[in-house]
Colleague: 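After the C-alpha cells below, expect a handful of questions from me.
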Amino acid sequence: EENQFRNFSQVDMDRMLNRAGIMLRQQELDDICNLLILSGVLHRKGRDYSFTSPVFIKVLKQTYQLDHLLNKIKEEGL
C-alpha cells in the first residue's frame, strides 16, 4: 500500500482529497504543496511529488487517525 505513494502528482492528490469529500482550489493545493516542500515533508521532481522520508506514511498511520483528521478538515473548512 505504501508503494502507491512513492510518486504522485497534484492530480492524484486532488482525486484522493475529492474522494474524502475535500475540495480545494488549485491555488490552495499549490500553496499546501509548497509549504510541505519548504517544511521538508515532500520532494518535487517535475510534476511528481514524493515523501522525503520513506517511513513517513508508516509513522503517520501509527500516530494519527487519518479519517478523523480528514473529518476535522471538512468540519473546520480548512
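Keep in mind the model is a prediction, meaning the values are calculated, not measured.
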Colleague: Could you walk me through whether Met13 and Tyr49 satisfy the side-chain contact (heavy atoms from CB on, under 4.5 Å) test, starting with their C-alpha distance in whole Å, then the side-chain angles of each, then the deciding distance to 0.1 Å, before giving a yes or no?
Modeller: CA-CA 10 Å; Met13 288 183 246; Tyr49 296 83; 3.4 Å; yes
Colleague: Excluding sequence neighbours, so at least two apart, what forms salt bridge (charged side-chain N to carboxylate O under 4.0 Å, His left out) with Arg25?
Modeller: Glu28
Colleague: To the nearest 0.5 Å, what is the distance between OH on Tyr64 and CG on Leu70?
Modeller: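 Between atom OH of Tyr64 and atom CG of Leu70 there are 13.5 Å.
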Colleague: Please test Phe56 against Val41 for side-chain contact (heavy atoms from CB on, under 4.5 Å), starting from the C-alpha separation and ending with a verdict.
Modeller: CA-CA 8 Å; Phe56 179 76; Val41 174; 3.9 Å; yes
Colleague: To the nearest 0.5 Å, how far apart are CG in Leu35 and CG in Asp30?
Modeller: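 Result: 12.5 Å between the selected atoms.
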Colleague: Nearest heavy-atom pair of Cys33 and Gln10: which atoms, and what distance?
Modeller: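 Where Cys33 meets Gln10 most closely, the heavy atoms are SG-NE2, 3.6 Å.
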Colleague: Side chains of Leu42 and Phe51: does their closest heavy-atom pair fall under 4.5 Å?
Modeller: yes
Colleague: Could you go step by step and tell me if Ile22 and Leu24 meet the side-chain contact (heavy atoms from CB on, under 4.5 Å) rule?
Modeller: CA-CA 7 Å; Ile22 299 170; Leu24 296 176; 4.3 Å; yes
Colleague: Using only heavy-atom distances, determine whether the side chains of Asp14 and Gln26 contain a donor-acceptor pair under 3.5 Å.
Modeller: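 The criterion, which ignores hydrogens and geometry beyond distance, is not satisfied for Gln26 and Asp14.
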Colleague: How close do Ile37 and Arg44 get, counting heavy atoms only, and between which atoms?
Modeller: CD1-CB, 3.8 Å
Colleague: How long is the straight-line distance from CG of Asp67 back to NZ of Lys72, given to the nearest 0.5 Å?
Modeller: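 The CG atom of Asp67 is 14.0 Å from NZ of Lys72, to the nearest 0.5 Å.
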Colleague: Could you state whether Val11 and Leu36 fall into the same hydrophobic cluster, counting links through intermediate Ile, Leu, Val, Met, Phe, Trp or Tyr residues with side-chain heavy atoms under 4.5 angstrom apart?
Modeller: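 As far as the 4.5 Å side-chain criterion goes, Leu36 and Val11 are not connected within one cluster.
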Colleague: Under the side-chain contact (heavy atoms from CB on, under 4.5 Å) criterion, do Met16 and Arg19 qualify, and how do the steps go?
Modeller: CA-CA 5 Å; Met16 290 179 161; Arg19 279 194 295 250; 3.5 Å; yes
Colleague: Looking at CG of Leu17 and CD1 of Ile32, how far apart are the two atoms once the value is rounded to the nearest 0.5 Å?
Modeller: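 Going from CG on Leu17 over to CD1 on Ile32, the span is 7.5 Å.
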Colleague: Is a side-chain donor or acceptor of Thr52 paired with a backbone partner of Gly40 at a separation under 3.5 angstrom?
Modeller: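 Flag set: sc Thr52 to bb Gly40 pair under 3.5 Å.
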Colleague: Side-chain contact test, heavy atoms from C-beta onward, threshold under 4.5 Å: evaluate it for Leu66 versus Lys61 and give yes or no.
Modeller: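 A side-chain contact is absent here, since even the closest heavy-atom pair is not under 4.5 Å.
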